[in-house]
Structures are given as structure tokens and as C-alpha cells.
2 protein chains.
Amino acid sequence: MPTESGRRIPEATVSRLPQYYRVLLENTGTGLVTISSDRLAELAGVNAAKVRKDLSYLGSFGTRGVGYDIEYLLHEIARELGLTQDWPCVIVGIGNLGAALANYRGFGARGFRVVALADADSSKVGQKVADLEIEPVTELTTICEREKVTIAIIATPQSESQNVADTLVEAGVKSILNFASGMLSVPDGVAVRKVDLATELQILSFYQLRNGNGNNGSANGTGPS
Amino acid sequence: MPTESGRRIPEATVSRLPQYYRVLLENTGTGLVTISSDRLAELAGVNAAKVRKDLSYLGSFGTRGVGYDIEYLLHEIARELGLTQDWPCVIVGIGNLGAALANYRGFGARGFRVVALADADSSKVGQKVADLEIEPVTELTTICEREKVTIAIIATPQSESQNVADTLVEAGVKSILNFASGMLSVPDGVAVRKVDLATELQILSFYQLRNGNGNNGSANGTGPS
DNA sequence: AACTGTGAACGTCTTCACAGCG
DNA sequence: CGCTGTGAAGACGTTCACAGTT
């Protein structure tokens, strides 16, 4: 895992930056100019020391005795996460979930525009979902090039997911969000994040058995308050 | 048999058990009776030592020189995860995502039955989705009691999510899968897992910027491959 | 010989506690 | 004084390497 510059940001920190970002966004327009690590921690549901350490990886732009300038911090996090850029996305597999994702307005931060939809089912091809026409998955390479796709969302059945991923990688896509249940093999340099509903439910099931235990998964997760 | 006193299973292990379970399921009916940690690791996309250590927390039921009996292992993992039981689920918030989840056949393991749907929008109440009639969210407490709901899925806008969670907790629900973007405050003893699409995309965006970096997320979390 | 089970080493993440600055 | 930034300690997770078992 090569790191290009001296400033290596731990993975755990990266996965929390979006939470801080959201909290900060919700605090703009409230008249508040600064926010303390304590307050930010409370709103994001984490420990204050963790907030300070996380932010210190981006540089030290808090003011002692005062806190962090909200606007400035937002800007810095956005820059670090690449939210100042436009990332055209394609969704592959327009079933229930794929269609819901296509329509999902809550993709939150701007910059993630769904620019194309693809499906293997020829009876779906040509239909419109969220103002986009579904294209045949056989055209995936062409689509990625035409739309300069950088992020792909796979919402196909698991049986197709590896093939789709291979095609995407071939077409130069470097980031994949995978909703299919299996693991994807991709070359180094391609990032994959997985969202698996069955897995989440099974983990909850475990903690349900062990009740009275406030534990939960942390990775993406939420801590018990 | 190993030390059997403290059977505490690390959280990281719990979050991988569903993956092993899925892989094992896919290997039933292939004539194979046993599987080695090496093979299981390869299929699950993890390190073999990790597989052995993870499974050793459940007890030691591999056979040296041979591997693990697939059927037996499946049974043990299912028992540990509580997949032998029935967990009635309610989905709150039947928008695009909630409806897709209601229709989602891929909830994978049996046992997670969606038994009720609720929404705050009165124009949706009474409509049928996935053969279930949408009920008013004001009835949530009644619904949970009537259906003996153990797991709730929140797919409402963030603004409603905390209220919904409070009601669910009040009604005795101990496990929540949260698709809304914010954090939920819940008492100890209630498990929350969060799935946030915007967060996932933002994390991918980060690694997109730092390209050439072979990093990726693991099951839920973030773990370099 | 093949493979598991596990102590020990190592690396990463979290938390504490306080020095340092405004 | 209030709050950040951070070294150091500790908890947790992963990986190695090999003893032990069939």
C-alpha cells in the first residue's frame, strides 16, 4: 500500500471524515462560526480525542481555546475527500435496489452524479429510470468511456458481479461500490467497498442473541451512544 | 477441546462469520465434505490464519490434516449467529429505498422476514408493497408488539430517524439497521448498524484521489485487502 | 504429509493525560 | 481558563510460525 506523500491518513480516519462533514454541514447557517472537538464529537457520536486526532491528520487548523472554524474545516475535509470534484457514476443492475439507488436523492454530497444505467435483461433495456435510459450491459465499456465514469455501483445478482467488475476494471474504473453478496477480485489500485444487507442483518442477529450487550459493529458503524 | 470458559467472540470475527457462512453455503452440494482454512480464506477473500483464529473462537471443530466439515461448520456458524431462529422485521419509511428493501429477495439467509411496513405519509398508508399493507408510523408501537418485531430497518429521512428509533426502543426493539444518514442515540443494550451510501461514495472518492493505492474496504469496514 | 490451533510478535486504532497556545 | 495537538499507554486486530494431531 504505497503512500505518495508524507501525510498518510489512516483508513479509520478516512471512514469518519464523511460523518464529520455531514455534521458540520448541518451546523452551517446556524450562526455558529466555530465548533469544539467536544461538540463535534457529541454530534458525530465519537470520542473527542478521536476527533482531534483525526483532524490533526489533515493539518492543524483549530484554534486553541476556541475550536475549529466550521467553514474552513468543511472546506478542508471536502478537499481531502475529493468532494470538490465531480464523480460520474454508473449503476449496473437495475432491479429493485438498483432502481431505488438511481432514484435516491439522498446521495448526499453533490458530486456523485448517476450518469448511466445498465442491465443484462433486454426487456429492461430502453426503459427509463430516474430520467436515464437503461442500456445493455454489453455496452458497459463504451458507456464508461463515453461518460468518463469513475465510480461504478454494482447492484446485480452475485452471479454476475465478478464479470461486471472485470469489465469495469478493464474500462478503467478504479472505484466500485458493491451491493452484491460475494467478494470481488480486483487488481491493486482498484478500491472496492461492499454493502451487504444480509451480512448486516446477520450481525444484528448475533447481538440480538447476546442481548443486553450494547455492542455493535464499528467499521461503518455506529457505536452505541 | 479448548478453553471454554470465556466464550467472548471479537467483534471483527462476528462481522466475518456471515461471509464464511455464505461461502460455505455455496460449497454445499458440490460433493465436497470438508474445506481447509486455506480454501475458505481464498473464497472469502481473507488470510488463512484469520479464518482459523476466527473459527477457533467458536470452538475447535476442525480436523488436523483434513480441514473443517462443511455441514458441521455451517451448523455451528448458524447457531452462533442465530440464523436458526426467526427474526421478524419491520421497515419504517417506505420511499424508494424502503420499498426496494421490502421487495428485496436477496436478504439472503432465511429467518429475516419482513412482517410489517410503516410510513408517516398518510397517502402511502394502505398501499400494498411486497404484499404488505403500509401502516401509519403512529401505530409503530402496536405493530412491534403485534408482530413481535425484533429487528427494525429505518429507511426514513434523517430528520425522522431519531424519533422512529426512540419509538422502536420504547417498544422493545433491540436491533436497528439504519439507512438514514445521521447518528442514532440509543440506550445500552440496543445494537445499531448503519448503512450510509453517501459515506461509502465519499470514501471511494478519497481513494480515487489517491489513486494507485490498492486500498479497499472490507465487509463493512475498512480494511485494506 | 497435511492441516488445525494458538502463543507471540507486530501493527493499527483508541483513549488518556497533559503540555502548549490563544 | 478553554481548547487544541500529541506523545505515550493500552486495547484490539492481524499475521507469523510452529507445535500438535490425525
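Throughout, a chain's letter reflects where its sequence line sits, starting with A, and its residues are numbered from 1.
Remark: B/Tyr57 pairs with no residue by the ring-ring contact (aromatic ring centres under 6.0 Å, His included) rule, at least two apart or across chains. Remark: B/Arg64 engages no residue in a salt bridge (Lys or Arg N to Asp or Glu O under 4.0 Å) (not counting sequence neighbours). Residues passing the side-chain hydrogen bond (donor to acceptor under 3.5 Å, both in side chains) test with A/Ser37 are A/Arg52, sequence neighbours excluded.
At the heavy-atom level, B/Phe61 lies under 4.0 Å from the strands shown only through sugar-phosphate atoms.
Evaluation of the salt bridge (charged side-chain N to carboxylate O under 4.0 Å, His left out) test over residues 65-78 of chain B, restricted to residues two or more places apart or in two chains, returns B/Glu76-B/Arg79. Within the structure, every pair that satisfies the salt bridge (charged side-chain N to carboxylate O under 4.0 Å, His left out) test and touches residues 28-40 of chain A, not counting sequence neighbours, is listed here: A/Arg39-A/Glu42. Sorted by first then second residue, the side-chain hydrogen bond (donor to acceptor under 3.5 Å, both in side chains) pairs that include residues 150-162 of chain B, not counting sequence neighbours, are B/Gln162-B/Asp166. Residue pairs meeting the salt bridge (charged side-chain N to carboxylate O under 4.0 Å, His left out) criterion with at least one partner in residues 17-35 of chain A, sequence neighbours excluded, are A/Arg22-A/Glu26.
Between the C1' atom of C/dA19 and the NZ atom of A/Lys53 lies a distance of 14 Å, rounded to the nearest Å. A straight line from CG of B/Leu55 to P of C/dT4 spans 9 Å, rounded to a whole angstrom. Put simply, CG on A/Leu58 is 13 Å from C1' on D/dG5, counting in whole angstrom units. The interatomic distance linking A/Leu40 (CG) with D/dC3 (P) rounds to 14 Å, in whole Å. The interatomic distance linking B/Asp69 (CG) with C/dC3 (P) rounds to 15 Å, in whole Å. A straight line from CG of B/Asp54 to P of D/dC12 spans 16 Å, rounded to a whole angstrom. Atom CG of B/Asn47 is separated from atom C1' of C/dC3 by 15 Å (rounded to the nearest Å). Atom C1' of nucleotide D/dT15 and atom CG of B/Asp38 are separated by 14 Å, given to the nearest angstrom.
Remark: B/Ser37 is not in phosphate contact with C/dC3, judged by side-chain N or O atoms under 4.0 Å from OP1 or OP2.
For the atom pair OG of B/Ser205 and CG of A/Asp86, the computed distance is 10.5 Å after rounding to the nearest 0.5 Å.
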**Protein-to-nucleotide contact annotation, 5' to 3' order, nucleotides 17-22 of chain D [B base; S sugar-phosphate only; - none; under 4.0 Å, heavy atom]** = B-BBBB
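Looking only at atom types and distance, the side chain of A/Asp196 has no donor-acceptor partner in the side chain of A/Ser181 under 3.5 Å away.
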Could you list, one pair per line, each protein nitrogen or oxygen that sits under 3.5 Å from a nitrogen or oxygen of nucleotides 9-13 of chain C, together with the distance?
none

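The side chain of B/Tyr68 approaches C/dG5 more closely than any other nucleotide in the set D/dG5, D/dT15, C/dG5.
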